[in-house]
Amino acid sequence: MNSNVRVRFAPSPTGYLHVGGARTALFNWLYARHTGGTFILRIEDTDKARNTAEATQAIYDGLKWLGLGWDEGPFKGGDCGPYFQSEREEIYLRYFNQLKDAGHLYEHGGAWRFRSPREMVALDDLVCGHIEFDLTNPETHPDITIRRPDGGWIFHFVNVVDDIEMGMTHVIRGEDHLSNTPKHIELYKALGAKPPQFAHIPLILNRDGSKMSKRDQGAAIGGYMELGYAPEAVVNYLCLLGWSPKDNREIIDIKEIIELFDLPKINHSNAAFDLDKCNWMNTQYLLHMSPERFFELSLPFIQKAGIPYGTEAALKPVLAIIQEKTKLLSEVPDRISFFFTEDYAFEEEAVEKALKVPGALEKLTILADRYEASEAWTAESVEATLKATAAEMGWKNKELIHPTRIAVSGRSVGPSLYHMMEVLGKERTVARLRKTAEKFA
RNA sequence: GACCCUAUCGUCCAGCGGUUAGGACACCGCCCUUUCACGGCGGUGACACGGGUUCGAAUCCCGUUAGGGUCGCCA
């Protein structure tokens, strides 16, 4: 932290963290980390009607889950607090009086409005480039209200005041604020402050180009948390919406993204959210992450589901063999459940196809005998024994493999069969084979 | 309606005056294979349109069209 760059994420507590907001936070965070600057979290809770307690928690949870830690803000403190707009009344009053005394304000219907200087306002946006706005016509650009008759403050005013007070050097926000920016610049000037550098990033839309709202698929960060995405995958995906390393790579470590990230490299056009690609990204991360990380991310889901896994030592080998098949962490409990109970369920269709065929149950009994007699118990030895048995008896491998898979797991799909039996252990494997042979006899 | 932003495969990106327009997701084949995945190979698929500028435009300029945003006593 040794540059003077100060950026912020300033969400309004709405009850959930929107992906668009998350990416705005991410780009601010990336810029702060890239420059060695400071990332600030400020809660814009001027609207008292909203439930700030729970709604604010959703913001903290989402940012923490994504790994976007802030340097100043709630729980962290800092020299520019408080970091809740609802607690900054005196500051707003001071700036309000400054504007009023200088003659920039007038009362209208009980509310206070800022008198626009009626000029051309130029903006050199770090993403969008040089833009000139003609604010000379009051018909098309009416004066903005900054304070309600009840004394409440309006976004445009408190946002600018806080950015001045908190020493923001760069304002990185959604493009939906681009048209508001000239008004903000007027406010900065009237307050005798130098406007920060602006960077308006493109919006995230639905696949069909429509605006993403709360109910749309993939819109709420909480949804990713519940379904069990790897946060690093979601972050990686979000980074690629509007930014790219320019060399056609997709999976990139966040450390490298921090190095490569810069504002002028951000796209100018809106991006559509593609859940398919996000899902692919997630499976890639799940597949390649360390077993330790997979364990760490899976555990909460396993505990919540109440899987009686016993000890971590018993759980880890099981997780190790299902990791490569897992698409979402929320699937983990179901994928591992049969390892931890002898009362596992049998898929009806699989039973019909593989067990209720002539000779299938006899095969299981014969295999159980062979396994019982075998010394070694590794995936390799288990496989060798199975194939040797099939060869000896004149069966096709498949004719033995499928009934065996269903006998030991109750399912037609699952982890590598031999590894599954290795982890299950000799005793339980043999017992399951025999029990199944009896059960469907 | 006014103003602002944007415009390359269905989607996300690369390209920044001369390329067989590249990669990824998705989709379709084939291969691998004990299931399901992973993986490998191949394929379908795009420069919105019209004018310029230039020896030469996806690349630069203008217009049109389309999409998005803003125009609140919401943030």
Side-chain angles (χ1 to χ4, degrees), chain A residues 10-14 21 44-47 49-50 85 108-113 123 125 127-129 131-135 137 139-142 144-156 158-159 173-183 200 202-211 237 239-251 267-281 283-284 286-288 322-327 335 350 354 383 386-387 390 396-406 409 411-420:
Chain A
S12 174
T14 55
E44 305 217 334
D45 57 349
T46 54
D47 190 342
R50 286 170 177 157
Q85 291 190 328
H108 177 83
W112 288 89
R113 311 183 80 167
L123 163 68
D125 192 276
V127 172
C128 301
I131 307 167
E132 288 190 17
F133 298 87
D134 182 354
L135 267 48
N137 185 354
E139 299 291 316
T140 55
H141 297 85
I144 57 171
T145 301
I146 67 163
R147 194 180 195 188
R148 304 187 188 94
D150 69 359
W153 304 103
I154 304 299
F155 160 76
H156 301 292
V158 291
N159 186 267
R173 65 197 347 181
E175 200 198 81
D176 50 336
H177 287 297
L178 188 58
S179 296
N180 291 148
T181 304
K183 298 167 192 166
H200 287 92
L203 271 20
I204 298 178
L205 275 22
N206 287 312
R207 271 297 292 269
D208 64 4
S210 64
K211 195 175 178 180
Y237 177 72
C239 284
L240 263 26
L241 247 30
W243 175 87
S244 96
K246 306 291 185 192
D247 57 6
N248 285 338
R249 286 182 301 153
E250 314 287 331
I251 308 286
N267 273 166
H268 302 181
S269 52
N270 292 342
F273 185 86
D274 184 358
L275 194 60
D276 283 333
K277 186 157 182 177
C278 185
N279 287 338
W280 168 79
M281 184 80 68
T283 61
Q284 291 298 308
L286 253 24
L287 179 62
H288 297 297
I322 61 122
Q323 180 174 349
E324 61 176 355
K325 318 274 179 172
T326 304
K327 303 291 186 197
R335 284 182 183 277
E383 177 175 3
L386 184 144
K387 287 184 174 170
K396 288 179 182 172
N397 288 342
K398 275 188 177 181
E399 294 175 325
L400 187 52
I401 286 166
H402 290 292
T404 301
R405 170 179 291 286
I406 291 148
S409 72
R411 310 174 184 195
S412 56
V413 299
S416 156
L417 176 60
Y418 310 118
H419 291 89
M420 189 157 78

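Throughout, a chain's letter reflects where its sequence line sits, starting with A, and its residues are numbered from 1.
Of the nucleotides present, none pairs with B:rU34 by Watson-Crick or G-U wobble criteria with both distances under 3.5 Å. When Watson-Crick and G-U wobble pairs are counted only if both distances are under 3.5 Å, B:rA24 pairs with B:rU11.
For A:Pro142, taking side-chain heavy atoms from C-beta onward, the closest of the listed nucleotides B:rG68, B:rG72, B:rG39 is B:rG72. Picking from B:rC13, B:rG69, B:rA75 the nucleotide with the shortest atom distance to the side chain of A:Phe155 gives B:rA75. With distances taken from any side-chain atom of A:Tyr418 to the nucleotides B:rU34, B:rC74, B:rC13, the minimum falls on B:rU34. Among B:rU35, B:rC73, B:rG72, the nucleotide with an atom closest to any side-chain atom of A:Lys325 is B:rU35. Side-chain proximity of A:His268 to the nucleotides B:rU6, B:rG68, B:rC73 is greatest for B:rU6. Among the nucleotides B:rA75, B:rA14, B:rA24, the one closest to the side chain of A:Arg148 is B:rA75.
In this model, a side-chain donor or acceptor of A:Ser179 finds a partner on the base of B:rG69 within 3.5 Å.
The distance from atom CZ of A:Arg405 to atom C1' of B:rC36 is 8 Å, rounded to the nearest whole Å.
In this structure, A:Tyr237 and A:Asp274 approach most closely via the heavy-atom pair OH-N, 2.8 Å.
Toward the 5′ end of RNA chain B lies the nearest nucleotide of A:Arg249, the other residue of the pair A:His156 and A:Arg249 mapping further downstream.
A cation-pi contact links A:Arg147 to A:Trp153, judged by a cut-off of 6.0 Å to the six-membered ring centre and 45° from its axis.
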